[in-house]
Amino acid sequence: MTQVASAFINELLGVSNPEQVDLAPAGAEVADSTEDLNNFSYEEVDDRISEFQGDDLVREALEKGLDLREYSKKTQEELKALEQEHILDYAKQAQALVDLYNEIESCDDILGNMQSLLTGFQENLGQISGEIATLQDKSKEMTIKLKNRTLAQSSLGSSLDGIVIGSDLIIKICEGEVNEFFVQHLSDLNDKMTYMKAQQHNKVPIKAFKELFPEVERLRLRAAEKSRDYLLKKIESLKSPNTNIVIIQQNMLLKFKELYWFLFERHGEAAAEIRANYIITVGNYFLASFDKYIKSMQKLQTIIADRLDLIGCEESAKRGLFSGKLALKDKTNVFTLGDRINALVNPDSGIILAHVAEEQSLKFPFEAVFKSVSRLLMDNSSSEYIFTIDFFNTPRKSKPAGMTLEPMGLAFTEVFEPTLKLVQGYIKQVTESSFDAVGVLLCIRLNNQNMRIMQKRRIPCLENFMMAINMLLWPRFQLILDMHIDSLRKAVPSRLMAVKDVTPHYITRRYAEFSASILTLNQGYQDALLVHSLQRLRSEVESLLLRMSVEFSDTKSRVIFLINNFDLVVTILSEYTASSFEEEKAYFAGILENRTDEFVEEELRPYFGTLMGLVAEGEQHPDLLKMDGDKFERIADNFNNSWKQAIGTINNSIIQSFTNFQNGARILQSALTRLLLYYKRFLVLWEKRFGSRKQRVQPVGLQSVMVEIKKFRSNFQ
């Protein structure tokens, strides 16, 4: 039964609170209900019934025609039975309910005690919070006091440290030796002086300074005196013979450089005196050392070339009246690079020791001397530059306010300027009198190497000096090249060809060796000015060889002379594989090929001239059938009778004409190949002129000529 149905029945029974309904006997309940129901009118009953018709159970009961009173009675009985069941269940659980009630009472007591404790804690926390606030205020007050006292203590401590001068410091400064302890006390004294000077500008001056200033001043003068004397003594020791200046610099001067900086800050006149003495002493030391070394090198230097050692000069100009003919190998060292390249490619060749070289009677070309002097200069200047920067440009601490340092490297410049002028003057003297272009160019490349070495060291002290050396060497090198070119231009062919010989001329060998040397030294640099000068030199050599070839009366000898000379140039240049040689090799190879073609024509013409002329005429003739047949037969008959002998003669002529066996073999092969081609063209013209008709003379077969030519070719293999 739903709540709606129960409510409807209760309302019909006039019961407003079902929980208050007394469980009376069923009959009495029905009777009472009937009496109450009679008190309602029919309209009211209908309204009540309509109100509860919406309930599903009520509507179902009405549809079945059940008596609502019976239905209500039944419902009351079910409720009562259900109530009895619950009462029994409650009775069974009575003890559990009692225990639960006791536990609840115990929990209430505990919660009451907890409430009392928490209330007490709350009151205590309130008191503690007040005490904490008080402590915080006191803590802030104490912090401020501590900070003020700390600042006062720090200020007082720094003031005491700045003005209090201990007896130990006074004794060490006044009576102690100059050593590490003296330097330390000197630094302490300098710090105190710095502090006292800074405090002079305070708004509230320290009265104790007035009493301390005289004492500090006396200490300053005493410290400056001892520092000056010590440094002057060490600088003076540099003047002793056989002194190792580097050891004194590193172990004595740099170790006590604080002495100089104390003087620099506290006694400027003494510092200037120290600096001036050092520059004069060390400058004279290096000047004397290099002057002595250069003079010894001048004794060991050998002269490679003089004014007459130019490419175009006659060989006889270097001979005396009774001297014999000079061999070519005795003169090639002027133009050939040879072992001189070792000065450039061997970076660790070391410095030339003059006394050892004198004992062994050794001689050196200028580039070896130049390298030794320049490397010695680089090593000494690098060491001196590093020292002067460290000693004269690096204070012990941060630069004091108002201190002006000298420009970086100024001390080095003043020390080394006389020495650099000496070395530069020596190089200028040798260079201006030199006619050795190879040696000068070697010095240029060595100077470039020196620049890279100094750049790698990151030491710029010799940058201007090396640029000045370049300005000395390059113009002289260009002048010597111009002198070589001018000597070729002014050369007299008749005097050079006093003895007419088709073999390679010494002028050609000079040029080939010289150009190979210059091109080798230009590898990796590709100087445009150098390449242009070589092209001018090449043009003059080619022009001179052509003028010299005119001295021969016959064309063949002229061509042989030119081929032998150009072949010598090609042979010498072919020994080098550097990329800088490619242009020169290609140029002379082209000239040699053209001259070879010219020689082949000249060599074949005496023996096969008529055949060559007929081939040229026949290939240009508009109607070959109209050409003279007898002429064809005469030429064929002449060829059949003389071709073998002619080939042998040509072979002997080429062998005798060309000194280079390989060149001769190449020219012979070219000549025989050209002959074979001419004869093949002749046979083609013969076939066109006569066809299959039988003639009085039958030309020898091409295959027979080829077989014979192969025999001569095999002789050169």
Side-chain angles (χ1 to χ4, degrees), residues 310-315 328 332 335 484-485 487-516 519 534-575 581 583-607 609 612 649-675 716:
L310 300 173
I311 296 178
C313 286
E314 299 175 40
E315 195 67 50
L328 286 180
T332 53
F335 311 100
H484 281 293
I485 294 172
S487 69
L488 292 170
R489 187 182 298 115
K490 295 179 179 180
V492 180
S494 60
R495 298 177 63 178
L496 294 174
M497 297 294 293
V499 178
K500 295 181 176 56
D501 190 356
V502 296
T503 57
H505 200 272
Y506 60 81
I507 294 290
T508 305
R509 178 173 292 278
R510 289 177 182 178
Y511 164 75
E513 297 289 356
F514 181 77
S515 61
L519 289 171
L534 280 179
Q535 290 175 350
R536 292 170 53 210
L537 183 66
R538 180 181 66 192
S539 298
E540 291 299 332
V541 167
E542 185 179 358
S543 175
L544 178 60
L545 289 176
L546 290 175
R547 286 185 283 131
M548 292 168 63
S549 67
V550 177
E551 295 296 317
F552 293 96
S553 58
D554 60 299
T555 304
K556 180 179 177 181
S557 297
R558 297 172 187 171
V559 177
I560 293 174
F561 173 78
L562 292 175
I563 290 177
N564 281 330
N565 281 274
F566 289 131
D567 176 65
L568 176 64
V569 177
V570 171
T571 301
I572 293 176
L573 295 181
S574 298
E575 297 175 359
F581 285 79
E583 182 181 352
E584 289 292 309
K585 288 193 288 188
Y587 180 83
F588 283 103
I591 294 178
L592 183 61
E593 183 178 358
N594 294 334
R595 294 300 176 180
T596 300
D597 292 341
E598 183 180 353
F599 170 78
V600 167
E601 293 290 330
E602 289 294 328
E603 185 68 23
L604 294 178
R605 187 169 287 109
Y607 309 101
M612 295 163 58
T649 304
I650 291 173
N651 176 66
N652 295 330
S653 175
I654 291 176
I655 292 176
Q656 296 174 2
S657 299
F658 300 103
T659 56
N660 187 347
F661 179 80
Q662 293 181 349
N663 184 45
R666 181 183 60 82
I667 294 175
L668 177 63
Q669 182 178 358
S670 178
L672 296 179
T673 302
R674 184 75 57 86
L675 171 62
F716 286 89

Check the side chains of Ser653 and Lys556 for a donor-acceptor pair under 3.5 angstrom, ignoring hydrogens and angles. yes

Heavy atoms, side chains only, cut-off 4.5 Å: are Cys313 and Arg510 in contact? yes

Which residues pass the side chain to side chain contact (heavy atoms under 4.5 Å, CB included) test with Ser539, not counting sequence neighbours? none

Using a 4.5 Å cut-off on heavy atoms from C-beta on, say whether the side chain of Val502 contacts that of Ser657. no

Backbone of Ile563 reached by a side-chain donor or acceptor of Arg595 within 3.5 Å: no

With sequence neighbours excluded, tell me which residues meet side chain to side chain contact (heavy atoms under 4.5 Å, CB included) with Thr571. Asp567, Asn660

Nearest 0.5 Å, what's the OG1-CZ distance between Thr555 and Arg605? 9.0 Å

Side-chain contact, heavy-atom cut-off 4.5 Å: Glu601 with Met612? yes

More than 12 heavy atoms of other groups within 6.0 Å of Gln662 CD: no

Test ring-ring contact (aromatic ring centres under 6.0 Å, His included) on Phe599 and Phe658; report intermediate values, then the result. CA-CA 12 Å; Phe599 170 78; Phe658 300 103; 5.0 Å; yes

Rounded to the nearest 0.5 Å, the CG atom of Asn565 sits from the CD1 atom of Ile507 at a distance of 10.0 Å

Go through the steps for Thr508 and Val541 under the test side chain to side chain contact (heavy atoms under 4.5 Å, CB included), then give the verdict. CA-CA 8 Å; Thr508 305; Val541 167; 5.6 Å; no

4.5 Å side-chain heavy-atom contact, Tyr506 and Leu496: yes

Aromatic rings His505 and Phe561: how do their planes relate, parallel, tilted or perpendicular, breaks at 30° and 60°? perpendicular

With rounding to the nearest 0.5 angstrom, report the CD to OG distance, Glu593 to Ser670. 8.5 Å

Report yes or no: do Ser557 and Asp554 form a side-chain donor-acceptor pair below 3.5 Å? yes

With a 4.5 Å heavy-atom cut-off, do Asn663 and Val570 have their side chains touching? no

If you look at every heavy atom in Arg674 and Leu604, which pair is closest and at what distance? CG-CD1, 3.7 Å

Give the C-alpha distance, both sets of side-chain angles, the deciding distance and a yes or no for side chain to side chain contact (heavy atoms under 4.5 Å, CB included) between Val569 and Ser515. CA-CA 9 Å; Val569 177; Ser515 61; 5.6 Å; no

If only atom types and distance count, is the side chain of His484 paired as donor or acceptor with the main-chain N or O of Ile311 below 3.5 Å? yes

Those residues at least two apart in sequence (or on a different chain) that pass side chain to side chain contact (heavy atoms under 4.5 Å, CB included) with Arg547 are Pro493, Ser543, Leu544

Would you say the side-chain atoms of Tyr511 and Glu542 include a donor-acceptor pair closer than 3.5 Å? no

If you apply the rule side chain to side chain contact (heavy atoms under 4.5 Å, CB included), what do you find for Leu592 with Arg666, and how did you get there? CA-CA 11 Å; Leu592 183 61; Arg666 181 183 60 82; 3.6 Å; yes

